[in-house]
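Shown below is the structure under consideration.
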Amino acid sequence: ELQEIITRTAELYEAKIWIEDTVGTPLLESFAPEERPEKIPADVYRKAIRGDVQIIHVLQDKIKRFYTSIPLDPEAGDGLSLHIFYQGMDDKYLSQFTIELTAVILIMVVLALSLLQLIRLKVNRFRMSVVRIADGDLDHRVDVKGRGVVEELGRAFNSMTDKLQKMINSSREITANVSHEIRTPLGRIRVVEELLRKQFNRGDFSGYERHLDNIKEDIQILDDLTGRLLEFVKLDSHETISRKEQFNPSDLINDLLIRFEPVIEYKNLSVNKEISFSSTFRGDKSALTSAFLNILDNAFKYTPRNGNIIVRILSVDGFFETSVINTFNEMDQIQLDNIFKPFERSRRSDAAGSGLGLAITKKIIEKHGGKINALNSEEGFEIRVTLPLN
């Protein structure tokens with residue numbers, strides 16, 4: 001708004017008007033940067049000073065030049081100042097310019113002070129909102145209305161608060177879930193330890209290898225949980241994937257399927273591959289390898305003996321789509337909606353696992369700009385991944 005006022009006023013009075021900061025950097029100008037007036041030499045001007053206002057009159061080469069500078073708000077101490085430059089060949093411009101200059105100064109000062117007061121009020125409201133959020137009210141948001149620098153700052157702050165609240169809530173949920181998950185294997189280890197201690201005190205060494213194997217298995221579960229948790233937290237702290245390379249996702253999934261050949265043979269599974277995608281994809285190959293491995297591991301783990309698994313890879317309207325379908329009982333919508341939440345898998349099944357696999361997979365896919373869904377299809381339980389090719 002002030003830029004438009006400066007431009008229109010400069011055109012009306014045939015003058016050059018600008019506002020600069022304390023170091024002389026122009027913030028608003030009524031002219032192009034290359035048209036900015038040269039600084040008037042100190043040895044040829046007459047100057048009148050009234051408080052913080054200075055008016056300069058220069059007569060050089062029959063050209064009269066008038067220049068004035070006035071601080072916009074002396075009490076603020078922020079160094080912002082208004083500058084007006086005018087020049088003319090004729091004496092008649094002197095009185096006319098003096099009147100017009102006075103009018104311009106009054107108009108600009110009133111408008112500038114009003115604008116600064118408005119900004120002060122907005123910043124003060126913004127400050128009170130920041131203090132309120134800093135005191136722990138994470139549900140509060142800065143009231144943003146209109147367009148401007150302060151409003152843009154308020155929107156950015158609200159966005160930051162949204163992400164901060166999401167991270168804190170996620171951290172609280174993860175802490176509670178981790179406590180629950182760790183307590184189970186630790187409880188089993190404690191029971192086995194007490195049992196072994198009593199047996200050794202009685203001189204009974206029978207079955208100690210089996211008990212030690214159970215302890216080893218629980219330690220491995222804790223180790224896997226810690227590794228998965230660190231991976232989940234690492235993904236949660238980064239907005240996007242930075243490491244990218246070109247690779248063929250069909251080749252990647254084919255290589256991953258080879259790892260499950262022992263499971264296929266042991267459970268007598270039927271695996272059908274329907275691959276119609278042969279292009280390359282640009283992304284974090286290591287992260288996507290982990291994501292697709294989690295999906296395949298989920299399918300092979302929960303598919304019953306003599307069951308079926310279908311892997312489809314195709315291109316759909318500029319997207320790379322992968323579907324992994326396995327024989328499994330139909331799930332209700334609540335289960336489907338919650339399946340990608342941390343630790344949800346361990347609650348709905350007795351199968352071993354940290355419960356973080358699909359949660360990690362979801363974050364990896366979303367950080368590549370894609371989507372992942374769980375649904376009941378006619379052929380079984382399906383995990384569908386869609387990733388943009390560009």
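Computed from heavy atoms alone, side chains included, the values below leave out hydrogens, waters and symmetry copies. No experiment lies behind these values; they were computed from the predicted model shown.
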Treating D297 as the side-chain partner and L293 as the backbone partner, does any N or O pair qualify as donor plus acceptor under 3.5 Å?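 No, the answer is negative, given that no donor and acceptor are paired below the 3.5 Å cut-off.
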N-O pairing of R36 and E20 below 4.0 Å: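 A salt bridge links R36 with E20.
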Parallel, tilted or perpendicular: which describes the rings of F320 and F292, with under 30° parallel and over 60° perpendicular?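 Correct class here is perpendicular.
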Run the salt-bridge test on R132 and D137 with the 4.0 Å N-O cut-off and return the result as yes or no.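 Counted as a salt bridge, because a side-chain N and a carboxylate O are separated by less than 4.0 Å.
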How does the hydrophobic cluster around V316 look, that is, which other residues are in it when side-chain heavy atoms under 4.5 Å mark a link?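 Listed partners: L314.
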Provide the closest heavy-atom pair for H140 versus T161 in the form atom of the first, atom of the second, distance.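 That would be O-CG2, 4.3 Å.
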Count the heavy atoms of every other residue, nucleotide or ligand shown that sit under 6.0 Å from CD of E330, and state whether that count exceeds 12.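 For E330, atom CD is not crowded (no more than 12 foreign heavy atoms under 6.0 Å).
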Surrounding NZ of K267 (heavy atoms of other residues, nucleotides or ligands, distance under 6.0 Å), is the total greater than 12?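 More than 12 heavy atoms, drawn from other residues, nucleotides or ligands, come within 6.0 Å of this atom.
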Checking N338 against K341: is there a side-chain donor and acceptor pair closer than 3.5 Å?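 Yes, because at least one side-chain N or O of K341 sits under 3.5 Å from a partner of the opposite role on N338.
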Regarding T68 and H83, do their side chains bring together a donor and an acceptor under 3.5 Å, going by distance alone?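 Side chains of T68 and H83: no pair found under 3.5 Å.
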Non-hydrogen side-chain atoms of V311 and L296 separated by less than 4.5 Å: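 The answer is yes, as the side chains (C-beta and beyond) meet within the 4.5 Å cut-off.
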Charged N-O contact under 4.0 Å between E194 and R190: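 No, E194 and R190 are not salt-bridged.
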Is it the case that the side chain of N376 and the backbone of M331 share a donor-acceptor pair, with hydrogens and angles ignored and the cut-off at 3.5 Å?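 The answer is yes, because a donor-acceptor pair under 3.5 Å joins these two groups.
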Decide, yes or no, whether a salt bridge links K285 with E245 under the criterion of side-chain N to carboxylate O below 4.0 Å.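 So K285 does not pair with E245 through a salt bridge.
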Could you check D162 against R141 for salt bridge (charged side-chain N to carboxylate O under 4.0 Å, His left out), going step by step and ending with a plain yes or no? CA-CA 9 Å; D162 289 338; R141 295 295 181 269; 2.7 Å; yes
Salt bridge R312-E379, side-chain N to carboxylate O under 4.0 Å: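 Salt bridge present between R312 and E379.
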Under 3.5 Å side-chain donor-acceptor pair for N272 and E274: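 Checked: N272/E274 side chains pair up, N/O donor to acceptor below 3.5 Å.
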Without hydrogens or angle criteria, can the side chains of N124 and R127 be said to hold a donor-acceptor pair below 3.5 Å?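 Looking only at side-chain atoms, R127 and N124 do form a donor-acceptor pair, the distance falling under 3.5 Å.
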Decide whether a cation-pi geometry holds between R305 and Y266; the criteria are a distance under 6.0 Å from NZ or CZ to the six-membered ring centre and an angle within 45° of the ring axis.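 Positive - R305 is close enough to the ring of Y266 and near enough to its axis.
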Would N326 and E382 count as having a side-chain donor-acceptor pair, cut-off 3.5 Å?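 Judged by distance alone, the side chains do not pair up.
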Whether over 12 other heavy atoms sit under 6.0 Å from D317 CG: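 Atom CG in D317 is not crowded, with 12 or fewer foreign heavy atoms closer than 6.0 Å.
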For Q3 and E29, indicate whether the former's side chain and the latter's backbone hold a donor-acceptor pair under 3.5 Å.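 Here the side-chain-to-backbone pair exists.
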Closer than 3.5 angstrom, by distance alone: can the side chain of S250 be matched with the main-chain N or O of F277 as a donor-acceptor pair?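 Yes, the answer is positive, given that a donor and an acceptor are paired below the 3.5 Å cut-off.
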Determine whether the side chains of T280 and N248 contain a donor N or O and an acceptor N or O closer than 3.5 Å.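 No, N248 and T280 have no side-chain donor paired with an acceptor closer than 3.5 Å.
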Which class fits the ring pair Y86 and F66: parallel under 30°, tilted 30 to 60°, perpendicular over 60°?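 Because their plane-to-plane angle lies in the 30° to 60° range, the rings of Y86 and F66 count as tilted.
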Test item: L196 and V192 side chains (from C-beta on) under 4.5 Å apart, heavy atoms: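 They are in side-chain contact.
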Taking it one step at a time, do R155 and E152 satisfy salt bridge (charged side-chain N to carboxylate O under 4.0 Å, His left out)? CA-CA 5 Å; R155 292 187 183 94; E152 289 300 321; 3.2 Å; yes
F200 atom CZ, over 12 foreign heavy atoms within 6.0 Å: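 Enclosed.
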